[in-house]
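The structure appears right after this line, and notes come after that.
Below, all heavy atoms of this structure are taken into account, side chains as well, without hydrogens, waters or symmetry copies. Within every chain, numbering begins at 1; the chains are lettered A, B, ... in the order of the sequence lines, protein sequences first and strands thereafter.
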There are 2 protein chains.
Amino acid sequence: MNLHVRVFTIGALAKAAGVSTPTIRYYEEIGLLPPAPRTAGGQRTYDDDDLGRLTFIKQCRDFGFGIDQVRVLLELSISTDRDCVETRDIAQRHLDEVRQKLAELRSLERRLEGFVTRCNAACAGGPGQDCVIFKDMAVPAKGGCCG
Amino acid sequence: MNLHVRVFTIGALAKAAGVSTPTIRYYEEIGLLPPAPRTAGGQRTYDDDDLGRLTFIKQCRDFGFGIDQVRVLLELSISTDRDCVETRDIAQRHLDEVRQKLAELRSLERRLEGFVTRCNAACAGGPGQDCVIFKDMAVPAKGGCCG
DNA sequence: CTTGAACCTCAAGTTACTTGAAGGAGTACG
DNA sequence: CGTACTCCTTCAAGTAACTTGAGGTTCAAG
């Protein structure tokens, strides 16, 4: 088995976890990662545990969890005397938010579609035309394009 | 007809356009709104033109356009010698971005769904259980929940 | 004339990093 | 051993689009 401990520089760790090196220093600064041990020269060193923790953080961020949520999830992932339900609830709430956002974006997509379509229908004319595209947008109703 | 000019305080304008008062000051500061005339006491005053402009900005922001895009759209909406195609293109590009974001969110929704489902299936147990939910997330593959 | 809401400016906080400047550490080559 | 080159260090500031707070002034009503 692999009994030897891999040691990473900050750059190697960054590449392995798929984040940037300033991001790692930032995570250390805000306490998501523990202060890394240093070489005699002051450079940070990491091991596989750090890679695991950082990878976990990265995955959570990819899931769209905010830093504070990641903090909670990290804690939950370490303590053994807490149940999974809390984690599930966090994920569920987050899922609800994602769905909310999805609904908003879908509505926005439809509105933008309409906008572009009306543009294409009414504004095929070249330059020099007096485009009235925005007249409708200065009133609180729906946006229009080119009259 | 309405020949009298409506005059707004910043608060009234904010309410009419659906934004906050600090936001209006901020828009003035960054040049989206012209510097407002002041009363003798130094308070800002606005009229219907300002309401129109601010409403336009609000609509654009609701459409998801960034401040810099709004700047361009404002200019396009004022100049008469430019054609509508430029506007359409900006909207089209933005629509593409929205669709890209939608695709990402949909994917994220599916992943979160899976996460929550696995949580419910495996983690119905109460507190005190040793939750291994995060073991999978410390490796670069897909996230898992509760083994 | 006094009260209270709404207004003023200026500075800092928010999120999650990124970017830049100026300089030190580590490694390989000759 | 020198030097070249990459990677590392810290610290400060920048990003987007505002929000929040402190401390003080103006306006309209009663």
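Taking atom CG of residue L13(B) and atom C1' of nucleotide dC8(C), one finds them 16 Å apart after rounding to whole Å. Residue R61(A) contributes atom CZ, which lies 14 Å from atom C1' of dT18(C) at whole-angstrom precision. Atom CG of L32(A) and atom P of dT15(C) are 13 Å apart (whole Å). In this structure, E29(B) atom CD and dA12(C) atom C1' are separated by 13 Å, rounded to whole Å. Following rounding to the nearest Å, I30(B) (CD1) and dA16(D) (C1') show an atom-to-atom distance of 10 Å. To the nearest angstrom, P of dC18(D) lies 11 Å from CG of L54(B). Atom OH in Y26(A) sits roughly 17 Å away from atom P in dA12(D) (whole-Å rounding). Rounded to a whole Å, the CZ atom of F65(A) is 17 Å from the P atom of dT15(C).
Taking only side-chain atoms of Q43(B), from C-beta outward, the nucleotide of dC18(D), dC27(D), dT9(D) with the closest atom is dC27(D). When distances are taken from the side chain of P22(A) to each of dC7(C), dC18(D), dT19(C), the shortest belongs to dT19(C). When the nucleotides dT18(C), dC8(C), dT9(D) are ranked by their closest atom to the side chain of I10(B), dC8(C) comes out on top.
Between T23(A) and dT18(C) there is a side-chain polar atom (N or O) within less than 4.0 angstrom of OP1 or OP2. Between T39(A) and dA25(C) there is no side-chain N or O to OP1 or OP2 distance below 4.0 Å. An OP1 or OP2 oxygen of dC18(D) is reached within less than 4.0 angstrom by a side-chain nitrogen or oxygen of Y27(B). At the phosphate of dC17(C), neither OP1 nor OP2 sits under 4.0 Å from any side-chain N or O atom of R25(A). Note on R38(B): every side-chain N or O is 4.0 Å or more away from OP1 and OP2 of dC7(C). For the OP1/OP2 pair of dC7(D) and a distance below 4.0 Å, the side-chain nitrogens and oxygens of T21(A) include no atom meeting the criterion.
Residues Q92(A) and D96(A) have side chains that bring a donor and an acceptor to within less than 3.5 angstrom of each other.
Mapping A12(B) and G66(A) onto DNA chain C by nearest heavy atom places A12(B) at the nucleotide closer to the 5' end.
Annotation: side chain of Q43(A) is not in contact with side chain of T9(A) (no heavy-atom distance under 4.5 Å).
Looking at E113(B) and R99(A), a side-chain N of the basic residue comes within less than 4.0 Å of a carboxylate O on the acidic one, giving a salt bridge. Note on D62(B) versus K58(B): salt bridge recorded, some NZ/NE/NH1/NH2 to OD/OE distance being below 4.0 Å.
For the atom pair E97(A) CD and L102(A) CG, the distance stands at 12.5 Å (nearest 0.5 Å).
Among the protein residues, R44(B) comes within range of the sugar-phosphate backbone only, with heavy atoms under 4.0 Å from sugar or phosphate atoms but none that close to a base.
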